[in-house]
Amino acid sequence: MKYDHIQIEKKWQEYWDKNKTFKTPDLNEIDKSKPKYYVLDMLPYPSGDGLHVGHPEGYTATDIISRYKRMKGFNVLHPMGWDAFGLPAEQYAIKKEINPKIGVEECVKRFREQLKSLGLSYDWDREINTTDEKYYKWTQWMFLKVYNSYFDEKEKKAKPISELHVPEELSEKEKYEYINSQRLAFISESPVNWCPELGTVLANEEVPEQLEKGFTVVRRPMKQWKLRITKYAQRLLEDLDSVNWPLSVKKLQTNWIGRSEGAIVKFKVKSKTLNDEREIEVFTTRPDTLFGATYMVLAPEHKLIPEITTDACKDKIEKYIEAASRKSDLERTELVKDKTGEFTGAYAINPVNRKEIPIWISDYVLTSYGTGAIMSVPGHDERDMEFATKFKLEIIPVVIPEKYKDTGIMKLKEEGSPEIIIAGKGVEALHGESKEFHDYLEDVKNGKTCFTDEGYSINSGFISGLQTGEAIAKMNNWLEENGLGKKSINYKLRDWLFSRQRYWGEPFPIVHFDDGTFKSLDESELPVTLPMVKSYKASGTGESPLAAISEWVNTTDKATGKPVKRETNTMPQWAGSCWYYLRYIDPLNDRIFCDKEKDNYWMPVDLYIGGAEHAVLHLLYARFWHKILYDLGYVNHNEPFTVLFNQGMILGEDGVKMSKSRGNVINPDDVIRDYGADSMRLFEMFMGPLEATKPWSTEGIGGMSRFLNRVWRLVIDDRTGEIKSNVTNEKPSEAELRILHKAIKKITFDIEDGDMKFNTSIAQMMIMVNDAYKLEKISKELIEKFLLLLYPFAPHFCEELWEKLGNKPSMQNQPWPEWDDAYAKNDLITVTFSVNGKMRSKKEVELDTDEKNLEQYAMDDPIILKHILGKDIIKIIVVKNRMVNIVVK
RNA sequence: GCCCGAGUGGCGGAAUUGGUAGACGCGCAGGACUUAAAAUCCUGUUGCCUGUAAGGGCAGUAUCGGUUCGAUUCCGAUCUCGGGCACCA
């Protein structure tokens with residue numbers, strides 16, 4: 001009987017299902033003396049197209065680890081579920097003209113079948129679906145927790161809003177507003193990323209992906225829900241140190257959070273339109289360049305603009321603001337290389353030298369970063385220089401590179417007049433002495449050179465002559481002493497835009513009163529379910545389709561009996577996946593999202609595998625939610641995922657990304673039908689390290705199927721289907737033990753080291769099989785041990801042979817084999833002999849032959865003798881168990 | 001422009017820590033079995049030069065240079081590709 005993958009895989013999948021082989025018992029039934037291991041795959045989004053070959057790659061890796069860890073005696077949690085709210089599911093449903101709920105059911109069914117056909121060892125009793133109301137009830141519950149919390153600046157953590165100190169003297173309305181302004185979930189009216197094609201707003205993190213798909217994204221002021229993730233910027237940054245994640249992902253998150261240290265500086269405004277003096281605050285990372293600030297620029301959205309603009313400039317300014325507001329982000333950045341701007345007619349006073357400097361507006365200053373205003377130091381900032389050159393604004397060099405330190409600073413310090421290099425004596429003094437330095441200063445003044453690095457201050461009064469670091473420190477002190485500014489830290493990270501104007505998402509547990517106020521629902525009123533409707537297409541007006549369903553929107557406030565309208569925005573796709581890993585731990589609990597004791601046992605996740613595309617989106621959001629839950633005491637750990645691993649992409653056979661339009665998509669169903677799930681699993685692991693991007697190969701998987709057939713025929717007689725006659729019950733011979741123990745050692749190391757390089761494990765198994773074929777007879781014990789090694793990789797195949805050899809299923813209960821170094825090591829080792837570093841000869845010697853003998857062997861070697869004949873031996877290097885190198889002249 | 005990561009045969013990829021470059025697989029070539037094919041098994045497979053042959057020589061891990069007895073591995077510069085960020089003051 002030949003190896004029949006279709007029949008065998010079906011048989012064992014049914015067996016595992018029926019016997020619940022991979023069920024993880026509830027906490028009170030578990031043997032707690034064993035260590036735990038939580039292996040998690042990133043929650044898949046079931047699409048209409050089904051799986052592609054990229055999905056099983058990561059899933060196979062986690063499956064290997066799961067099966068291995070169970071054999072090693074761990075309690076393993078290895079669950080699977082579905083992330084199904086959001087745009088793709090909704091777009092799919094629109095295309096098919098069905099309700100998304102129906103569409104999701106279809107896709108999930110298909111995905112589940114496909115995953116099962118891969119023989120993955122999930123505990124299917126813990127399956128979750130983010131669109132199930134029993135699930136999203138808790139997503140809404142968590143939103144309430146976020147909404148009903150504020151961030152305590154002293155303790156740097158979230159606390160219940162009931163603990164917030166509200167000033168007594170405020171009126172009721174002011175109190176309401178004050179509390180709302182402190183909540184971690186809040187409504188804000190600000191420019192957001194509006195995507196007209198999708199009819200919804202997008203989070204900053206989502207914009208690049210949609211632009212890549214060819215959608216447009218424009219800035220548009222809208223009232224939206226946001227989550228105050230910025231309060232957690234510092235913790236999200238710091239705690240990256242405590243997790244074992246790929247450096248690239250840490251780097252990505254670090255850049256996204258974008259911490260920068262600097263100072264806030266206050267500039268007084270001098271304007272004809274104002275009687276009192278107003279102040280403009282700016283953020284700068286280089287307070288040492290304050291003496292070089294020759295003008296200011298405000299973002300077009302800056303609040304002070306209407307107040308300070310002079311009548312003469314009003315028209316032009318208003319026009320500019322109008323034009324800027326209509327530009328998309330893309331237009332404001334990439335497409336427009338030329339700087340634009342307008343003069344307000346107003347001036348500010350540079351606090352360090354009392355100089356009057358003009359105030360401009362320009363869209364190169366972003367309203368959402370820092371204070372929305374900058375001081376311009378054109379000599380030392382490329383953007384400022386570009387602007388200054390275009391509008392003919394003054395440029396003063398205030399920092400010089402290290403190489404001019406001596407010619408510049410030292411010399412002038414001796415003369416006691418460090419700050420007058422530009423005019424008068426300073427320049428005179430330099431003439432003839434250092435033309436190069438003089439030319440450098442001229443280039444800066446003329447806008448030809450821009451020096452943005454650190455160096456030494458010049459033309460800067462009390463900080464002239466200081467190195468940048470010292471200059472910054474001294475300036476910061478000066479600012480603080482004079483009440484003109486202070487040290488400050490800024491982050492690029494913005495608050496998370498949390499509402500979408502679409503149907504297919506979690507409704508907010510919020511209701512609005514007629515007077516414009518709103519309140520959250522009580523926990524007992526959850527879940528707020530999505531109404532089943534016919535038309536759920538995006539209205540495109542900026543309003544959710546839910547707004548049109550009056551019988552859903554209009555309801556009554558439980559507490560007051562007043563008529564209220566439900567919030568009609570829905571939550572973004574990421575909401576459900578922010579906490580799913582907690583639900584797996586306690587999926588049926590209807591009292592709480594996850595029992596705290598169970599959380600304490602299973603969390604944190606020991607291994608988390610998924611694609612790199614989630615580096616900032618999901619992984620940042622999930623960490624943020626987890627920290628809030630931690631602060632409020634619902635979970636026991638600060639970070640959810642201890643180890644993260646990114647699997648690489650699988651490309652088409654042509655070496656480019658798989659896509660329908662290219663026609664290079666490989667369907668796993670076909671592969672499993674033709675070669676079997678075991679061959680596919682093995683091949684995906686054999687293609688290369690898990691993290692690498694690598695092309696698919698149909699011929700390659702044929703080779704893997706050949707390998708399994710070779711193993712099969714090693715044991716089974718093809719014609720009779722019986723165990724082959726040369727398989728004996730004798731103990732393995734020494735030769736057999738040698739090939740076995742080497743393989744056990746290699747494979748155990750490969751799995752344990754966490755590099756996810758299973759290609760070498762499989763190579764080792766192939767070597768073992770090749771060696772076994774050379775034996776006259778084979779011990780049954782050897783084959784059984786080999787099957788245990790192969791089992792995590794090709795489980796159906798191994799279960800079948802295991803059973804055929806007379807053993808009881810399942811192999812899952814067998815312990816992982818141990819190796820003995822006495823057999824894993826080679827007794828004989830090949831040592832190479834080199835002359836002048838060039839390998840000339842080699843010899844087999846016993847392991848650990850001492851250096852003296854090795855040297856003697858080399859000197860006795862006729863080939864070596866030939867190469868050193870008639871030459872002087874300068875040096876002999878001997879490395880035990882490796883080589884001898886003779887240096888001659 | 002800035003920040004990561006990677007460049008090894010025809011291809012995917014191996015090479016503890018600086019110590020035999022190319023494990024294992026694919027492909028290809030030759031052979032065995034077969035009436036034939038498929039399947040299977042065996043042999044060979046970095047390039048160039050040399051030899052009837054066994055063999056021998058030289059070059060070779062993107063390029064150039066450095067450290068070293070010895071470099072795919074360490075250091076410096078350059079090139080190419082992939083990923084991320086991009087007026088963040």
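No experiment lies behind these values; they were computed from the predicted model shown.
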Quick check for you: among [options], whose closest atom lies nearest to any side-chain atom of [X]?
X: Leu252(A); options: G25(B), G13(B), G84(B); answer: G84(B)
X: Ile767(A); options: C85(B), A89(B), A23(B); answer: A23(B)
X: Thr284(A); options: A89(B), G12(B), U20(B); answer: A89(B)
X: Ile877(A); options: C85(B), G12(B), G19(B); answer: G19(B)
X: Ser248(A); options: A89(B), C4(B), G27(B); answer: C4(B)
X: Asn759(A); options: C24(B), A86(B), G13(B); answer: G13(B)
X: Thr760(A); options: A89(B), C24(B), A14(B); answer: A14(B)
X: Ala763(A); options: C87(B), C24(B), G27(B); answer: C24(B)
X: Lys339(A); options: A59(B), C87(B), G12(B); answer: C87(B)
X: Lys694(A); options: G13(B), C26(B), A89(B); answer: G13(B)

Review point. Does His741(A) reach the main-chain N or O of Asp821(A) with its side chain, forming a donor-acceptor pair under 3.5 Å?
Key: no
**Study point:** Any donor-acceptor N/O pair, Asp678(A) side chain to Phe797(A) backbone, under 3.5 Å
**Key:** yes
Short side-chain N/O contact from [X] to OP1 or OP2 of [N], under 4.0 Å:
X: Lys838(A); N: A59(B); value: yes
X: Asn770(A); N: G25(B); value: yes
X: Tyr369(A); N: A89(B); value: yes

Just to be sure I understand the rule, does [X] reach a base, reach only the sugar-phosphate, or reach nothing, if contact means heavy atoms closer than 4.0 Å?
X: Lys251(A); value: sugar-phosphate
X: Asn490(A); value: nothing
X: Thr285(A); value: sugar-phosphate
X: Ser368(A); value: nothing
X: Ser834(A); value: nothing
X: Gly258(A); value: nothing
X: Arg840(A); value: sugar-phosphate
X: Ile374(A); value: base
X: Lys842(A); value: base
X: His867(A); value: sugar-phosphate
X: Thr830(A); value: base
X: Met687(A); value: sugar-phosphate

Any strand: nucleotide that pairs with [N] via Watson-Crick or wobble, under 3.5 Å:
N: A21(B); answer: none
N: U45(B); answer: G27(B)
N: C87(B); answer: none
N: A38(B); answer: none
N: U8(B); answer: none
N: U52(B); answer: none
N: U68(B); answer: none
N: U63(B); answer: A77(B)

Protein-nucleotide distance ([X], atom [atom1]; [N], atom [atom2]), rounded to Å:
X: Trp696(A); N: G13(B); atom1: CH2; atom2: P; value: 14 Å
X: Glu691(A); N: G83(B); atom1: CD; atom2: P; value: 16 Å
X: Gln764(A); N: A15(B); atom1: CD; atom2: C1'; value: 13 Å
X: Leu690(A); N: A14(B); atom1: CG; atom2: P; value: 12 Å
X: Met883(A); N: G18(B); atom1: CE; atom2: P; value: 14 Å
X: Tyr491(A); N: C85(B); atom1: OH; atom2: P; value: 21 Å
X: Lys657(A); N: C81(B); atom1: NZ; atom2: C1'; value: 16 Å
X: Asn885(A); N: G70(B); atom1: CG; atom2: P; value: 8 Å

Rounding to an integer number of angstrom, what distance separates [N] and [M] when you compare their [atom1] atoms?
N: C11(B); M: U34(B); atom1: C1'; value: 32 Å
N: C75(B); M: C81(B); atom1: P; value: 24 Å
N: U50(B); M: C42(B); atom1: C1'; value: 30 Å
N: G22(B); M: U35(B); atom1: P; value: 41 Å
N: U16(B); M: G12(B); atom1: C1'; value: 23 Å
N: C3(B); M: U45(B); atom1: P; value: 46 Å
N: G7(B); M: U17(B); atom1: C1'; value: 23 Å
N: U72(B); M: G66(B); atom1: P; value: 15 Å

Point to revise | Short side-chain donor-acceptor distance under 3.5 Å, Asp495(A) and Thr230(A) | key: yes
Check your understanding: Have Ser705(A) and Tyr675(A) got a donor and an acceptor in their side chains that come within less than 3.5 Å?
Key -> no
Review point. Would you say the side chain of Arg882(A) and the base of U17(B) hold a donor-acceptor pair, judged only by whether the two atoms sit under 3.5 Å apart?
Key: yes
Study note, to complete from the structure: Between Ser697(A) and Thr832(A), the residue closer to the 5' end of RNA chain B by nearest nucleotide is Thr832(A)
Review point. More 5' along RNA chain B: Asn255(A) or Pro689(A), using each one's nearest nucleotide?
Key: Asn255(A)
Between [X] and [Y], is there a side-chain N and carboxylate O pair less than 4.0 Å apart?
X: Lys852(A); Y: Asp850(A); answer: no
X: Arg738(A); Y: Asp771(A); answer: no
X: Asp381(A); Y: Arg286(A); answer: no

Measure up the [X] and [Y] rings against each other and bin them: parallel (under 30°), tilted (30 to 60°), perpendicular (over 60°).
X: Phe387(A); Y: Phe391(A); answer: tilted
X: Tyr369(A); Y: Phe283(A); answer: perpendicular
X: Trp819(A); Y: Phe749(A); answer: tilted

